[in-house]
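Have a look at the structure below, then the notes.
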Number of protein chains: 2
Amino acid sequence: MQKLDTFELASGGLAPERSGEAMLPATRSAWLVEHLRQALLDGRYPPGSRLNEVHLSQELDVSRTPVRAALQTLAGEGLLHHQPNKGFTVREFLLTELVEAYDMRALAEGLAARFSAERGLSDDARRTIDAALSDGDRALSGSDDLEAQRAAYAQMNQAFHGAVHTAAKSDLVREVVRICQRVPQASAHNVVAFDLAGIRRRHDMHHAIYHAILAREPQEAERLMREHVVSVKISMIENIARRGR
Amino acid sequence: MQKLDTFELASGGLAPERSGEAMLPATRSAWLVEHLRQALLDGRYPPGSRLNEVHLSQELDVSRTPVRAALQTLAGEGLLHHQPNKGFTVREFLLTELVEAYDMRALAEGLAARFSAERGLSDDARRTIDAALSDGDRALSGSDDLEAQRAAYAQMNQAFHGAVHTAAKSDLVREVVRICQRVPQASAHNVVAFDLAGIRRRHDMHHAIYHAILAREPQEAERLMREHVVSVKISMIENIARRGR
DNA sequence: GCTACTCATATTGTACACATTTTTGATCAG
DNA sequence: CTGATCAAAAATGTGTACAATATGAGTAGC
């Protein structure tokens, strides 16, 4: 039978910083939800591992009650799995699910682009996207080393896609995208570790998508965004295959 | 744990029936999650209304602890909204979100059909869909009154779509569809209250989709399923507009 | 009459005690 | 050694007390 050993985070002063910081969540529960969600998305807890309520509460220096509250919320979000009388475990995602997440995300982000084109961009949104694209142009034309360019692109990429999601003004689309990015490795900052030529090509697609949205061409914007995400998917699959060898 | 039978014996009025049923959840929390989720999807709690923990626990005859557990889970699922120190409120969905839910669902169900066609149907799935479609044929060719035909079609419709979702073998797709159906009026049994001609037309589309899946034609299956859901969306919008007058 | 303040009440957040279930692992028969 | 048995230990589920916060009624001051 599978080992049900409880997973403990190597805790060297892991207890959360709670004093002197700005904009802290109002309650312990809310803080724990954010903290644990980030830890899970970062993969700091091994998939399938069991989260022991007592250990967590001791490590994080709160009682079991807010820990349970956070775990229940995260289970509702689908990041954790819950079995009655057996507790919470970190949800495992198969490789097939990663690929499916990209297929789904291509459709959801395509819809976001369609809605953005239909509804038009606010001045604020336009400024945000302009800035993101300019940052990308600058980063890719500069002579920084590859890693710096990748980092800059990653940040720009998130800003661009985030702005489109916001411009779509659809909570539903945002939620679906979030669900797709829940699968580890599917989040935006993990998908850019490819070759520079690919990054340039994808950046050009960003420009094209922006252009279609500005021109109020919903069908074209949706088509381009789908293509864009699918191309990221393909790159990622190639990347995994390359690493596999 | 405190005696569970205390609750069962004491349950006199508002408290839900729990004895004699098969497959009831192992814990109070799990039962509450199911009970409250169904109540919310049925619209038994007004959108925006506040859910008082003490009142709920009294009505349902449990302590606050499992009530809070259930509310936290449902908030994670997005059916409730939570504000620190102010409690849980029933999430409100705007009319635009209902329409968006259909757009998103068309894409998600289309993906389900694509995956089903790619992966092929199990004997079990084929039997299920065969039965559903035959039921539909029989109901629509019979001479029952309109309401009976609608009811039969509603049940068949759910069976058909459910079978396709299952055949897609993708948790992600299932989750996205669930999110789309979370919007009140978007669930399958609410969308069939249209004219008989429309029902017949949609039933024909079911046959066509099934045919494409059986023939292992992913693109065609996806295209047909999208058209199908969009046609339901349009009927629903017309229906709402008609009622609006 | 209106605003701002005060305090009583209601509601939510947290800790903890205890009941129940699961898991562990020591023991023993074969 | 293998597998079953069963009691101890550990972990989760639930109830409840109390703390922190929000709410609302009433009142003083203008």
Side chain of R64(B) only, please: which of dA15(C), dT16(D), dG13(D) is the nearest? dT16(D)
Respond yes when some side-chain nitrogen or oxygen of S29(B) is under 4.0 Å from OP1 or OP2 of dT14(D), and no when none is. yes
Gap separating the CG atom of D61(B) from the CG atom of L56(B), nearest 0.5 angstrom: 12.5 Å
H228(A) side chain to E109(A) side chain, donor-acceptor N/O pair below 3.5 angstrom: no
Can you find a side-chain donor-acceptor pair between S170(B) and E100(A) that sits under 3.5 Å? yes
Below 4.0 angstrom, which residues in residues 67-83 of chain B have at least one non-hydrogen atom near DNA chain D? none
Apply side chain to side chain contact (heavy atoms under 4.5 Å, CB included) to the pair I179(A) and E77(A), showing each step before the final yes or no. CA-CA 8 Å; I179(A) 281 188; E77(A) 290 181 14; over 6 Å; no
Heavy-atom closest contact ([X] atom, [Y] atom, distance):
| X | Y | value |
| --- | --- | --- |
| M156(B) | D135(B) | CG-CB, 4.4 Å |
| A106(B) | V230(B) | CB-CG2, 3.9 Å |
| V177(B) | H165(B) | CG1-CE1, 3.6 Å |
| R126(B) | L121(B) | NH1-O, 4.1 Å |

Return the value, rounded to whole Å, for the distance between atom CG of D61(B) and atom P of dT14(D). 13 Å
Could you state the CH2-P distance from W31(A) to dT14(C), rounded to the nearest angstrom? 13 Å
Give a yes or no on whether a salt bridge exists between R91(A) and E97(A), defined as a side-chain N under 4.0 angstrom from a carboxylate O. yes
Could you write out each protein N or O paired with an N or O of nucleotides 9-11 of chain C at a distance under 3.5 Å?
unit_1: dT11(C); atom_1: OP1; unit_2: N52(B); atom_2: ND2; d: 3.2
unit_1: dT11(C); atom_1: O5'; unit_2: N52(B); atom_2: ND2; d: 3.4
unit_1: dT11(C); atom_1: O3'; unit_2: R50(B); atom_2: NH2; d: 3.4

Can you find a donor-acceptor pair, distance only, under 3.5 Å between T65(B) side chain and dG15(D) base? yes
Pair of N/O donor and acceptor under 3.5 Å linking dG15(D) base with R28(B) side chain: no
With side chain to side chain contact (heavy atoms under 4.5 Å, CB included) as the criterion, how do D103(B) and R114(A) come out once you've worked through the C-alpha distance, each side chain's angles and the decisive distance to 0.1 Å? CA-CA 11 Å; D103(B) 284 324; R114(A) 190 210 299 177; 3.9 Å; yes
Distance to the ring centre below 6.0 angstrom and angle to the axis at most 45 degrees; does that hold for R150(A) and Y153(A)? no
Is there any protein nitrogen or oxygen under 3.5 Å from a nitrogen or oxygen in nucleotides 6-8 of chain C, and what are the pairs?
none

